[in-house]
Engineer: 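One structure coming up, written as structure tokens, with questions to follow.
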Amino acid sequence: TANDIDSLRQKLIAGSQKVQQQIIPQLADLGNEGLEVLQEFLLKRRDTPATWIDGKAYQVVYNSDAPTAKEFLETNFPEGIVPLKSDCGISYNSLQQSLIQQEFQAADLLTIQKMCAMAGSQAVQRKWLYFTEVENFPVQDLQTIDHLWLVHSEGKFGFSVQREIWMGLGRNWESLWPKIGWKDGNKWTRYPGEFTWDLSAPRGHLPLSNQLRGVRVMASLLAHPAWG
Ligand code: UYC
């Protein structure tokens with residue numbers, strides 16, 4: 001009823017993140033009227049940086065097959081909800097698209113490719129990074145990549161999430177690996193088949209940093225001034 005919708009609407013606007021997280025799928029189940037509330041919510045919040053709550057609301061509108069939803073997004077959020085700022089002329093459109101579509105394996109690959117592009121043509125050919133290259137990455141670009149991952153993963157994935165977990169473990173790598181599902185006992189998780197490519201993964205599971213050549217690249221990433 002109209003009353004139910006209004007009560008959900010109030011909770012969505014004024015509730016805690018936890019409440020908002022529960023309300024969004026309920027509104028999604030209510031069809032067009034629920035959709036309108038979510039669209040109003042997105043518009044109301046468009047002038048502040050997107051959080052994963054916005055990402056979740058955006059996801060519902062994006063996945064709706066209502067023609068009005070498509071039109072709403074094209075009119076109001078033609079470039080998604082995370083601004084794709086770059087200090088080195090890199091386009092993060094494909095990364096954004098794969099994350100919006102929750103194609104996390106493709107997004108993971110694109111993340112490595114974009115970071116190689118940031119490092120320059122040698123790294124693009126090599127297809128992996130030196131830690132000295134990571135140190136010179138622009139703050140802006142790492143923040144854009146991280147923001148995209150955060151917003152489109154319910155706050156679960158991203159370098160800043162990995163950094164937070166790692167610091168909480170006294171910066172101990174051996175404690176980090178099992179915590180984020182990269183190692184089980186003595187056994188490394190094997191790429192790509194053994195990783196979890198959806199939101200059922202542990203917090204911080206993605207994006208991946210290959211440890212074949214040691215931990216220094218990931219150490220550089222997590223120590224980058226982008227997270228200061
Ligand atoms: N792989 O095991 N990984 C690859 C991970 C290790 C290995 C790519 C992550 C351990 C080889 C990504 C983990 C190891 C290749 C990741 C992991 C190992 C490869 C593709 C858990 C053996 C083939 C991008 C820490 C014991 C490529 C890339 C090559 C690829 C990620 C082996 C994203 C998080 C120590 C042989 N692994 N990797 O970087 O370079 O190639 O030979 O970390």
Side-chain angles (χ1 to χ4, degrees), residues 52 82 84 86 88 90-138 141-224 226-227:
W52 67 263
V82 175
L84 303 182
S86 170
C88 48
I90 291 178
S91 163
Y92 294 105
N93 239 304
S94 53
L95 178 61
Q96 181 170 56
Q97 282 309 311
S98 51
L99 286 169
I100 286 172
Q101 286 160 35
Q102 308 277 283
E103 291 167 355
F104 292 113
Q105 187 172 352
D108 185 67
L109 215 55
L110 280 167
T111 300
I112 298 176
Q113 288 167 356
K114 294 299 172 188
M115 290 197 295
C116 286
M118 249 187 262
S121 58
Q122 286 188 345
V124 170
Q125 285 203 324
R126 192 191 317 130
K127 295 189 164 73
W128 48 273
L129 298 163
Y130 289 126
F131 74 94
T132 46
E133 292 168 329
V134 174
E135 286 168 355
N136 292 318
F137 282 173
D141 288 63
L142 279 184
Q143 287 178 348
T144 295
I145 291 174
D146 189 58
H147 197 194
L148 282 168
W149 275 98
L150 276 173
V151 163
H152 295 294
S153 69
E154 305 195 352
K156 220 169 184 179
F157 299 148
F159 299 123
S160 63
V161 177
Q162 293 170 342
R163 171 185 155 92
E164 186 197 308
I165 298 170
W166 173 66
M167 297 203 336
L169 295 167
R171 305 181 184 235
N172 184 304
W173 298 107
E174 286 313 312
S175 311
L176 180 68
W177 309 138
K179 187 87 186 164
I180 62 176
W182 288 10
K183 202 175 189 180
D184 183 7
N186 284 328
K187 209 182 129 293
W188 292 102
T189 304
R190 287 182 64 167
Y191 181 84
E194 289 181 359
F195 288 91
T196 305
W197 302 105
D198 58 50
L199 291 178
S200 71
R203 262 188 94 229
H205 192 60
L206 301 176
L208 301 182
S209 295
N210 192 359
Q211 296 305 309
L212 193 60
R213 298 172 193 88
V215 78
R216 289 181 83 174
V217 167
M218 185 160 183
S220 271
L221 267 172
L222 300 196
H224 197 278
W227 328 121

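As the structure lists them, so they are numbered: ligands from 1, and atoms in each ligand from 1. Bear in mind the structure is a predicted one, so any value in this text is a computation, not a measurement.
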Engineer: Quick one: closest heavy-atom pair of Gly204 and Gln162, and the distance?
Structural biologist: O-NE2, 3.0 Å
Engineer: Does Lys114 reach the main-chain N or O of Ile90 with its side chain, forming a donor-acceptor pair under 3.5 Å?
Structural biologist: no
Engineer: Under a 4.5 Å cut-off applied to non-hydrogen side-chain atoms, are Trp173 and Gln211 in contact?
Structural biologist: no
Engineer: Judging by distance only, is a nitrogen or oxygen of Gln211 under 3.5 angstrom from one on ligand 1?
Structural biologist: yes
Engineer: Using every non-hydrogen atom in the two residues, find where Ile112 and Lys127 come nearest and quote the distance to one decimal.
Structural biologist: CG2-O, 4.3 Å
Engineer: Which is closest to atom 39 (O) of ligand 1 by heavy-atom distance: Val217, Leu212, Asn210?
Structural biologist: Asn210
Engineer: Hey, does Tyr191 come in under 3.5 Å of ligand 1, counting only N/O atoms on both sides?
Structural biologist: no
Engineer: Would you say atom 27 (C) of ligand 1 touches the protein, meaning some protein heavy atom is under 4.0 Å from it?
Structural biologist: no
Engineer: Got a protein heavy atom sitting under 4.0 Å from atom 23 (C) of ligand 1?
Structural biologist: no
Engineer: Measure the acute angle between the ring planes of Trp197 and Phe195, then classify it against the limits of 30° and 60° as parallel, tilted or perpendicular.
Structural biologist: tilted
Engineer: Taking the side chain as everything from C-beta on, heavy atoms only, tell me whether Asp141 gets closer than 4.5 Å to Tyr92.
Structural biologist: yes
Engineer: Would the distance check show the side chain of His205 and the main-chain N or O of Thr196 forming a donor-acceptor pair, the cut-off being under 3.5 Å?
Structural biologist: yes
Engineer: Using a strict 4.0 Å cut-off to heavy atoms of Thr189, name the atoms of ligand 1 that fall inside it.
Structural biologist: 2 (O), 13 (C), 17 (C), 21 (C)
Engineer: At the 4.0 Å heavy-atom cut-off, does Trp128 count as touching ligand 1?
Structural biologist: no
Engineer: Side chain of Trp166, backbone of Arg171: donor and acceptor closer than 3.5 Å?
Structural biologist: yes
Engineer: Counting only heavy atoms closer than 4.0 Å, does ligand 1 sit against the backbone of Pro192, its side chain, both, or neither?
Structural biologist: neither
Engineer: In terms of residue, atom name and distance, what is the protein heavy atom nearest to atom 9 (C) of ligand 1?
Structural biologist: Phe195 CZ, 3.4 Å
Engineer: Hey, is Trp188 touching ligand 1 through its side chain, its backbone, both or neither, going by heavy atoms under 4.0 Å?
Structural biologist: side chain
Engineer: Is the Phe157 ring parallel, tilted or perpendicular to the Phe104 ring (thresholds 30°, 60°)?
Structural biologist: perpendicular
Engineer: Heavy atoms only, cut-off 4.0 Å: how does Trp177 contact ligand 1, side chain, backbone, both, or neither?
Structural biologist: neither
Engineer: Which residue holds the protein heavy atom closest to atom 34 (C) of ligand 1, what is that atom called, and what is the gap in Å?
Structural biologist: Ser209 O, 3.4 Å
Engineer: Is there a heavy atom in Arg213 that sits closer than 4.0 Å to ligand 1?
Structural biologist: yes
